[in-house]
Amino acid sequence: MEGEIEPVDCASASKPPRIEIPKVPDDSEKPIAIKRLKDVEICVPIVYGTMAFHLGRKASESQSHRWTVYVRGATNEDIGVVIKRVVFQLHPSFNNPTRVVESPPFELQECGWGEFEIAISLFFHSDVCDKPLDLYHHLKLYPEAESGPKSTKKPVVMESYNEIVFPEPAEGFFARVLNHPAVVVPRLPAGFVLPTPVPIDSVHGKGRGDTKNHPLSHWFMNFSEADELLKIASARQQVQAHIIKLRRELNMMNGLPPPPNPASGHDYA
Amino acid sequence: MDAKDILGIPKTQLPTTQEKKSRPQKEPQRKPDGISREVYALTGGLAPLMPSIDVSQLKKRPPSDEKITWQWLPFTNSARKDNLQLYHWVRVVNGVPPTGDYSFAKYNKSVDVVKYTDEEYEKYLTDPMWTKEETDQLFELCERFDLRFIVIADRFPSSRTVEELKDRYYVSRAILIARAPSPTDVSGHPLVKDPYNVSQEVERKRALSMVLSQTKHQERKDAEVLAEAKRITDSRMASRAAEEPEMPVASHVGSESADRAVVLGDTVSPSSNIQLPSATVVPSTSIIADSASTLASLRMLRVYLRTYALEQMVQAASSSAGLRTIKRVEQALQELGVNLKPKVPTKAVCAEHLELRKEILTLLNLQKQLQYKEAEGSSYRDGSYIDMPGTPKRSQRAGDQDRTFVPESINFGGERVGKRDQKRKGPGRLSEAPSSPAHKRPRKKASDL
C-alpha cells in the first residue's frame with residue numbers, strides 16, 4: 001500500500017516532509033523497501049583538488065613534483081560519515097593507476113612530471129547511496145605566472161568547491177548524520193519520529209578523518225559564500241534597475257502610462 | 001566542349017552532358033535481342049551477371065495449338081437487378097466462348113443491415129431523441145450505403161453527427177440479442193462482441209484531430225517531452241529496482257494538455273507500469289515547465305553535485321534562447337563581474353545565480369523589443385502624443401535603422417566602452433546616431449533621470 005504519513009506534531013508552518021513508503025514487493029527475494037524523506041535534502045559540502053610541490057634540487061626528468069590529490073570536507077570535518085571510499089583514477093602511465101582509499105582523509109600522494117585529468121569516484125556507505133558519484137580534476141603542477149625561481153616551499157594549489165546533494169535521503173541515513181558537523185541537514189518539524197540511528201562499520205581505526213589539523217591545511221583555499229552572494233546580489237540589483245528603465249521606455253513608446261515604480265519617487269513629465 | 005578544345009583537355013565521356021557521343025558507346029554493349037532497347041532498359045538496363053529476365057522469353061509467348069479469336073459479345077451481370085445487356089470483347093478459344101458469370105459480379109458484397117419489425121421497434125428501439133421515421137430513414141440509408149456512415153451522415157436529412165448515427169444504428173445490437181434464443185448464440189457476432197461506446201468515440205476523434213492538427217513546433221515539443229519521459233523512466237527503472245514509488249500525476253493544464261496526456265499515456269504506458277512523472281503532462285512552451293521537469297528529473301537521481309543541478313537548471317531556463325543570446329548572457333555576467341560558474345556553489349549561491357541569469361535574459365528580451373520598436377519607422381514616432389517643439393525629422397535616423405540589426409551590448413559600469421557619450425542616453429544603450437542636445441524626446445527625458 002502506498003501512502004503518506006504526516007508527522008506526529010504539525011506545529012511548523014512549513015510543509016512537513018512526507019515519508020514516502022513505496023510498495024513492498026511480494027517477492028521476498030527483492031530487497032526491503034527503504035523509507036525515504038521527500039522534500040528533504042541532505043547536503044555535504046566538499047572541496048577537492050590537488051596540491052603540488054616542486055622538488056627543487058631533488059627533481060629529476062621523470063619526477064619533478066610531488067603532488068597530493070584529495071577530497072575533504074569544506075569545513076574540514078570528517079566526510080567519512082558519508083563517504084565510504086574514494087577511488088582515484090590516475091594517468092595510465094602510473095603503476096596501478098586505479099588507487100583506492102578506504103578511509104578518510106581521502107587523499108593520495110604521488111610524484112610525477114605531467115599534468116593530467118584525475119577521475120575521482122566517491123563511493124558512499126550502504127545506507128546513503130548505492131551509486132558512486134564522479135568528479136574530475138585537472139592536476140596543476142605549474143603556476144600561472146612565472147614568478148621567479150620555483151619554490152619548494154609553496155605549492156601550486158588547485159581546489160574546487162562543490163556540494164553533494166541527496167535529494168530524498170533514506171530515513172536511516174538521515175537519523176545517523178543528523179548532528180554531524182560535516183553534513184548540512186534541514187530541521188524537521190518538532191515531533192518528527194526517526195528511527196534510532198544504526199552506526200555504520202567504518203575502517204576508522206587509525207587517527208581521525210577530519211582534516212582540521214592536516215599538515216597541508218594552511219594551504220587550503222578559502223571558499224567564502226558571502227563574497228559570491230554579495231557579488232551576485234549587486235549584479236541582480238543592477239540588472240533589475242535596467243529592466244525597470246527599459247520597461248518604462250517601452251511603455252512610453254506604446255503610449256501607456258508609466259508603471260508604478262515603488263522604488264523611486266521620480267517625477268518626470 | 002569548346003572550352004575543352006581550347007584547353008586541349010582530352011574529351012572524356014560524360015554520360016549526362018554528351019548524349020550524342022555516349023550513345024554509340026552504348027551500342028556495342030547492348031544486349032537485348034529481339035526487344036527494343038527502351039523496353040529492355042525497363043528491366044534494369046545492361047545485362048546483370050545472372051539474367052533476371054530471360055530475354056528470349058519476352059517476345060514469344062502465344063501457345064500455338066489453340067485458335068484464339070476476340071469477339072464482341074453481349075453479357076449479363078448477376079449483380080444487377082435489371083436485365084441490362086451490355087457488350088464487351090471476349091476471348092474465344094477454338095470457337096467456344098467462356099462460360100460463367102460476369103467476372104466482377106462476385107465483388108458485389110453488401111452488409112447485412114438488421115431489419116426490425118414495427119413490433120421490435122416498439123419493444124426495444126424507442127428513444128426520446130429519435131423518431132421512428134428518422135430511425136427508418138437511417139436504416140434505409142445504412143442499407144443503401146453499406147454502412148458508410150460519412151456518406152450517410154451527409155445524406156441524412158436532419159443534421160446528426162456521425163457518432164450519433166452510429167450510436168443509433170448500433171442499437172440494433174439490442175435487437176440481435178433480443179432475437180437470439182440464448183445469449184451465447186450471438187456472442188460471436190461482431191455487433192455483439194464489440195459494443196459501440198459513443199463518448200469514447202467522440203473523445204477519441206477529438207484527440208485524433210488534435211494530434212493531426214498539431215503544428216510542427218508542437219510535434220517537436222511532444223517528441224522532446226516523450227524523449228524526456230523515456231529518459232526519466234529509464235533512469236528510474238535503473239535506479240529503483242527495489243522500490244516502486246507512486247508518482248504524483250500533475251494536474252491537467254487545459255484540455256490541450258489533457259489530450260496530449262491521453263495520447264502520451266496510451267503510447268508510453270504499455271512499456272512501463274509505473275505512472276509517468278509530472279514531466280509528461282507539462283505544457284510545451286513555457287520555461288517554467290522546463291524547469292519543473294528538470295527539477296523532477298533531478299529528484300529522480302539518488303545523488304548529484306550542486307554544480308550539475310545548476311547546469312541543468314540553467315539549460316532549462318535558456319532552452320528557448322538561441323546560442324547568440326546565451327553568449328550575450330555570459331558576456332553580461334562577465335561585465336557584471338560575476339563568475340560564469342560560481343566559485344562557491346552553495347544552494348543559495350546557485351539559486352541567486354540562476355535568478356540572475358533569468359533576469360539578464362529578461363533584460364535582453366526587453367532590449368530587443370525596444371530596438372524593434374524603434375526600427376518600426378519614423379511615421380510611428382512623428383505623430384507622437386506629446387508635443388515636441390522643434391523635433392527634427394527622424395529621417396536622419398532612418399539610415400541607421402536600415403542597417404542589419406546589431407544587438408547592443410549591455411553596458412554596466414561603463415568601464416569597457418570608451419567612446420560612449422554619457423550625456424545622451426542612460427546606461428545600457430550604445431549610441432548609434434550622433435548625439436544632439438536639441439533632441440527632446442520624452443524617451444530621452446526618462447533616461448536622463
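Since the structure is predicted, the reported quantities are computational estimates derived from the model, not experimental observations. Side chains are part of it too, since the values below use all heavy atoms of this structure and drop only hydrogens, waters and symmetry mates.
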Does the side-chain contact (heavy atoms from CB on, under 4.5 Å) test come out yes or no for B:L305 and A:V165, once each step is laid out?
CA-CA 6 Å; B:L305 283 172; A:V165 181; over 6 Å; no
Just do the side-chain contact (heavy atoms from CB on, under 4.5 Å) check on B:T346 and A:Y161 with the steps written out, would you?
CA-CA 9 Å; B:T346 63; A:Y161 174 97; 3.3 Å; yes
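For the pair B:R306 and A:E41, the salt-bridge criterion is met [side-chain N within less than 4.0 Å of a carboxylate O]. Electrostatic pairing of B:K373 and A:E249 does not count as a salt bridge here, judged by no charged N lying under 4.0 Å from a carboxylate O. A salt bridge does not link A:E163 with B:K347: every distance from a Lys NZ or Arg NE/NH1/NH2 to an Asp or Glu carboxylate oxygen is 4.0 Å or more.
A 4.5 Å side-chain heavy-atom check between B:M300 and A:E168 finds every atom pair outside the cut-off. Using a 4.5 Å heavy-atom cutoff, the side chains of A:H242 and B:I360 are not in contact.
Between the OH atom in B:Y304 and the CG atom in A:N162 there is a gap of 11.5 Å [rounded to 0.5 Å]. Distance check: B:R302 CZ to A:L133 CG gives 14.0 Å after rounding to the nearest 0.5 Å. For the atom pair A:R247 CZ and B:T362 OG1, the distance stands at 6.5 Å (nearest 0.5 Å). To the nearest 0.5 Å, atom CG of residue A:L250 and atom CG of residue B:L370 are 4.5 Å apart. Atom CD of residue A:Q240 and atom CG of residue B:L356 lie 9.0 Å apart, to the nearest 0.5 angstrom. Here the straight-line distance linking atom NE2 of B:H353 with atom CG of A:L229 works out to 12.0 Å at 0.5 Å rounding.
Proximity to chain B at a heavy-atom threshold of 4.5 Å picks out nothing from residues 173-185 of chain A.
Counting heavy atoms of neighbouring residues, nucleotides and ligands inside a 6.0 Å radius, atom NZ of B:K341 does not exceed 12 of them.
Per-residue heavy-atom pair counts under 4.5 Å with chain A were compared for B:N365, B:L366, B:V344, and the maximum is reached by B:V344. Ranking A:C43, A:A233, A:S224, A:A241 against chain B, the residue ahead of the rest is A:S224, based on heavy-atom pairs under 4.5 Å. Chain A forms more heavy-atom pairs under 4.5 Å with one residue of B:N339, B:V349, B:L333, B:L298 than with any other, namely B:V349.
For a residue to count as touching a neighbouring chain, one of its non-hydrogen atoms must lie under 4.5 Å from one of that chain's; by this rule A:D134 touches chain B with the backbone only. For A:S160, no part lies under 4.5 angstrom from a heavy atom of chain B. The contact between A:I164 and chain B is made by backbone and side chain atoms together, counting heavy-atom distances below 4.5 Å. If you measure heavy-atom distances from A:I42 to chain B, you find no contacts under 4.5 Å at all.
Nearest approach of A:K131 to B:V303, heavy atoms of both residues: O-CG1, 4.2 Å. Heavy-atom minimum distance, B:L301 versus A:P167: O-CG, 3.0 Å.
Sequence neighbours left out, the pairs with a member in residues 230-244 of chain A that pass salt bridge (Lys or Arg N to Asp or Glu O under 4.0 Å) are A:R236-B:E352, A:R236-B:E359.
Judged purely by atom type and a 3.5 angstrom limit, A:E228 uses its side chain to pair as donor or acceptor with the backbone of B:K343.
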